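Structure record follows, encoded as structure tokens.
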Amino acid sequence: MTSSPSVFVDDGSSDKLLSHLMGLDQYQLEDFKLCVQSPQLLPENVQKISWANLKAISPTNLLCLLKEHLSVRQIWDVTLRIFEHMKLTSLCEQMRAEMNEVSLSDQSLPEQWRALCCLAAEGMWFSNFTFAKEVMEQGHLEASFIDSLLRLNILRKVSDCEECISFTHQGLQAFLGAMFYVLWGTRGSLGGPPKHQEMTVLLNDAFANTNFYWHQMALFFFGLLNTDLARELEDTLRCEMSPRVMDELLDWAEGLEKYDAVSVHFEFLQFFQCLCETQDENFIRQILNHLLEADLDIHGYQHLQVSSFCLKHCQNLRKLRLSVSGPILEMKLTSASETLETGVGDFRKHQWEDICSVFCNGNMRELDLSNSKLNTSSMKELCYKLRNPRCKLQKLTLERCNLLAAHCEDLALLLISTQGMTRLCLGINQLQDDGVRLLCASLTHPECVLESLVLWSCQLGAPSCRYLSDALLQNKSLTHLNLRKNNLGDEGVKFLCEALSRPDCNLQNLNLSDCSFTVEGCRELTHALKYNHNVKILDVGKNDVQDDGVRELCRILKCPSCALETLGLEKCNLTPDCCWPLSSVLRSSKSLVNLNLLGNDLGPEGVNTLWTSLKKSTCKLRKLG
């Protein structure tokens with residue numbers, strides 16, 4: 001005998017059952033009544049119906065009597081089992097066809113659906129995708145309901161585990177687990193914390209790790225908040241959705257204000273994708289009002305679309321790191337597909353405009369677009385938005401953005417149009433000397449308030465140092481200048497020192513590491529520091545300064561007027577001979593607290609020489625690298 005599935009009935013199901021019973025002849029009806037007394041054909045724990053009550057009863061009264069002991073869907077189950085036992089093949093096929101036509105919206109089923117969703121959610125918490133019979137019984141799932149889900153391919157039997165079942169696809173379990181958190185009710189799936197607290201932990205975990213199923217569950221959860229979909233589920237399953245889930249989500253979103261995108265791993269792109277699933281722009285805006293910083297890597301057009309839609313609603317965003325990789329913003333047209341490409345290009349252009357609109361929300365203070373492949377048009381749009389009077393940006397980072405000298409014209413205009421811009425980082429771009437020349441024209445402008453300029457690895461040469469020196473003679477705000485990894489040479493250092501030697505030059509931090517200069521460059525720096533007491537940090541590492549260069553620098557370091565606090569001498573081809581002048585500096589300098597000598601072959605003799613001075617009470621050094 002085959003097991004029969006449960007049935008989910010709608011209006012008219014009782015009439016169909018009655019018609020089948022009335023269609024039996026006298027002997028078949030008699031056999032049917034006898035089978036009703038068989039425990040093997042009835043659900044467990046059903047009270048036996050006495051033969052006295054069954055013997056002379058009509059089909060109509062028989063159905064009424066069965067309803068006193070069984071639910072309607074159980075009657076369908078029992079009737080099919082009995083018909084199978086009686087070998088009424090044709091009638092069984094007719095009943096199965098009718099059962100396939102009936103609805104899943106029987107009013108007695110909401111609790112079963114909630115129990116199923118609870119089981120799915122509990123399984124997701126413990127990465128459990130196989131469920132034993134006793135677990136389902138503990139979850140109050142009826143055998144007939146489980147049979148129905150098996151027939152509908154929602155559940156399947158596990159071949160290597162007797163009486164165990166699993167969902168036919170783990171994504172289906174994730175969907176039903178997510179549905180648990182939008183259904184009416186306060187009890188959690190784990191029997192401890194209430195449902196809204198479980199939901200909070202779930203979302204925090206989903207956006208803080210790379211577990212595919214957690215991400216999928218979060219997507220389903222937000223998708224189920226869609227008003228049309230929620231109404232359809234309510235109508236189909238007769239399961240009431242929680243009226244408070246939106247408010248609980250807004251409460252959770254308040255915690256976003258505490259997130260630090262650097263110290264806390266948070267999948268912002270995944271979060272944005274989930275929000276878009278709701279298709280509720282007003283709700284998305286309310287959620288994103290709590291977002292103060294974000295960290296995004298855009299790798300395709302879909303990412304760009306989702307990010308642009310959500311970012312334009314982040315009106316309180318203060319800090320953003322955004323990387324747009326690949327050719328997404330490169331809108332080059334070809335004659336063969338100009339019309340299509342123009343449409344796609346315009347679409348991407350509008351999305352980039354939406355992203356740029358958040359930069360002038362009045363709250364943005366830090367923007368990092370490093371590793372974004374910006375072309376001329378996207379760069380112009382960026383600078384145009386940043387020049388908006390509402391823009392209060394203070395720090396702009398554009399490392400590895402494919403920038404060329406021509407792009408510096410827009411950046412130069414930005415420096416004199418944005419009153420609050422104090423830090424600009426343009427490292428690893430092919431700006432070359434012409435780009436620096438354009439930037440320096442703005443550095444001399446009285447409206448420029450830039451304090452830090454980072455130009456490392458920008459293919460600069462000695463001419464750039466001449467432009468920067470001229471700018472430093474007039475600019476009084478710039479205090480940090482990073483030129484490392486540029487081929488400046490001794491000539492470039494000499495140009496810089498023309499400004500650096502002026503007492504009114506306000507530069508405090510100068511990074512000249514890996515700039516291809518020698519002892520001669522150190523002599524120029526020593527001469528400049530003799531007259532300038534503002535420089536606190538100087539890095540000349542990875543230059544061939546050798547021991548003679550160190551001796552030159554030590555001459556000024558021993559002067560009481562020298563204010564240098566940090567000196568970088570990493571990989572400068574130094575030998576033990578340089579340790580004697582350095583040892584003398586360590587004993588006498590009142591300002592030097594950080595010294596980097598990594599990557600030099602000082603030998604045991606040199607180290608012992610330094611150690612002797614480090615033990616002196618007059619040594620102020622705090623960090624030796």
Side-chain angles (χ1 to χ4, degrees), residues 1-116 136-137 139-152 154 234-240:
M1 182 182 66
T2 59
S3 62
S4 65
S6 177
V7 64
F8 303 93
V9 296
D10 53 5
D11 294 339
S13 62
S14 294
D15 292 338
K16 291 179 181 178
L17 275 170
L18 182 58
S19 68
H20 291 314
L21 293 176
M22 293 182 69
L24 301 176
D25 61 33
Q26 177 182 353
Y27 300 105
Q28 289 174 331
L29 183 61
E30 186 85 3
D31 288 343
F32 185 92
K33 293 175 181 178
L34 289 170
C35 288
V36 167
Q37 288 198 306
S38 173
Q40 291 81 8
L41 299 177
L42 296 177
E44 294 181 6
N45 302 320
V46 173
Q47 183 180 356
K48 183 178 179 180
I49 303 174
S50 69
W51 177 248
N53 291 334
L54 286 168
K55 184 176 181 181
I57 201 168
S58 68
T60 301
N61 291 331
L62 173 61
L63 183 56
C64 292
L65 181 62
L66 290 174
K67 285 183 177 181
E68 293 178 6
H69 295 79
L70 304 169
S71 67
V72 176
R73 69 175 183 275
Q74 287 177 323
I75 298 175
W76 274 84
D77 276 338
V78 169
T79 301
L80 182 57
R81 289 191 183 108
I82 293 175
F83 285 172
E84 288 174 339
H85 181 74
M86 295 170 62
K87 301 188 181 334
L88 301 177
T89 306
S90 177
L91 195 53
C92 288
E93 290 178 355
Q94 183 181 350
M95 282 196 68
R96 290 193 190 97
E98 290 171 347
M99 292 167 69
N100 287 332
E101 294 173 0
V102 296
S103 168
L104 291 175
S105 58
D106 182 5
Q107 293 187 17
S108 63
L109 287 177
E111 288 304 323
Q112 286 294 288
W113 281 111
R114 288 194 190 92
L116 179 68
M136 293 180 284
E137 290 176 348
H140 305 290
L141 283 166
E142 299 176 1
S144 56
F145 182 70
I146 293 171
D147 286 343
S148 303
L149 299 178
L150 289 168
R151 175 177 58 83
L152 293 169
I154 294 174
E234 283 188 325
D235 293 342
T236 302
L237 304 180
R238 304 289 175 89
C239 291
E240 185 180 354

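Heavy-atom basis, side chains included; hydrogens, waters and symmetry copies ignored. As the structure is a prediction and not an experimental result, all values here were calculated from the model.
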Interatomic distance, CD@Q112 vs CG@L149, rounded to 0.5 Å, equals 8.5 Å

T60: what forms a side-chain hydrogen bond (donor to acceptor under 3.5 Å, both in side chains) with it, not counting sequence neighbours?
none

Sorted by chain and number, sequence neighbours left out, side chain to side chain contact (heavy atoms under 4.5 Å, CB included) with E137 holds for K133

Minimal heavy-atom distance between A115 and G139, with the atoms involved, is CB-O, 3.3 Å

Derivation of the side-chain contact (heavy atoms from CB on, under 4.5 Å) call for I82 and V78
CA-CA 6 Å; I82 293 175; V78 169; 3.7 Å; yes

K48: what forms a side-chain hydrogen bond (donor to acceptor under 3.5 Å, both in side chains) with it, not counting sequence neighbours?
none

Kindly compute the distance separating OG (S19) from CD (Q94), expressed to the nearest 0.5 Å.
7.0 Å

Would you mind writing out the side-chain donor-acceptor pairs for residues 27-36 within the sub-3.5 Å range, not counting sequence neighbours?
| from | atom 1 | to | atom 2 | distance (Å) |
| --- | --- | --- | --- | --- |
| Q28 | OE1 | D25 | N | 3.1 |
| K33 | NZ | L54 | O | 3.3 |
| K33 | NZ | K55 | O | 3.1 |
| K33 | NZ | I57 | O | 2.7 |

Quick one: pull up CG in L62 and OG1 in T79 and give me the separation to the nearest 0.5 Å.
8.0 Å

Here the ring pair (Phe, Tyr, Trp, His ring centres under 6.0 Å) pairs for residues 38-71, sequence neighbours left out, are none

Looking only at heavy atoms, which two atoms of E234 and C239 are closest? And how far apart?
CG-O, 3.2 Å

Inter-residue atom distance L70.CG - D77.CG, 0.5 Å rounding
9.5 Å

Basic-acidic side-chain contact under 4.0 Å: R114, E111:
yes

Can you tell me how far CD1 of I49 sits from CG of L42, rounded to the nearest 0.5 angstrom?
7.0 Å

What distance separates H20 NE2 from C92 SG, expressed to the nearest 0.5 Å?
10.0 Å

Listed partners of S50 passing side chain to side chain contact (heavy atoms under 4.5 Å, CB included), at least two apart
A52, N53

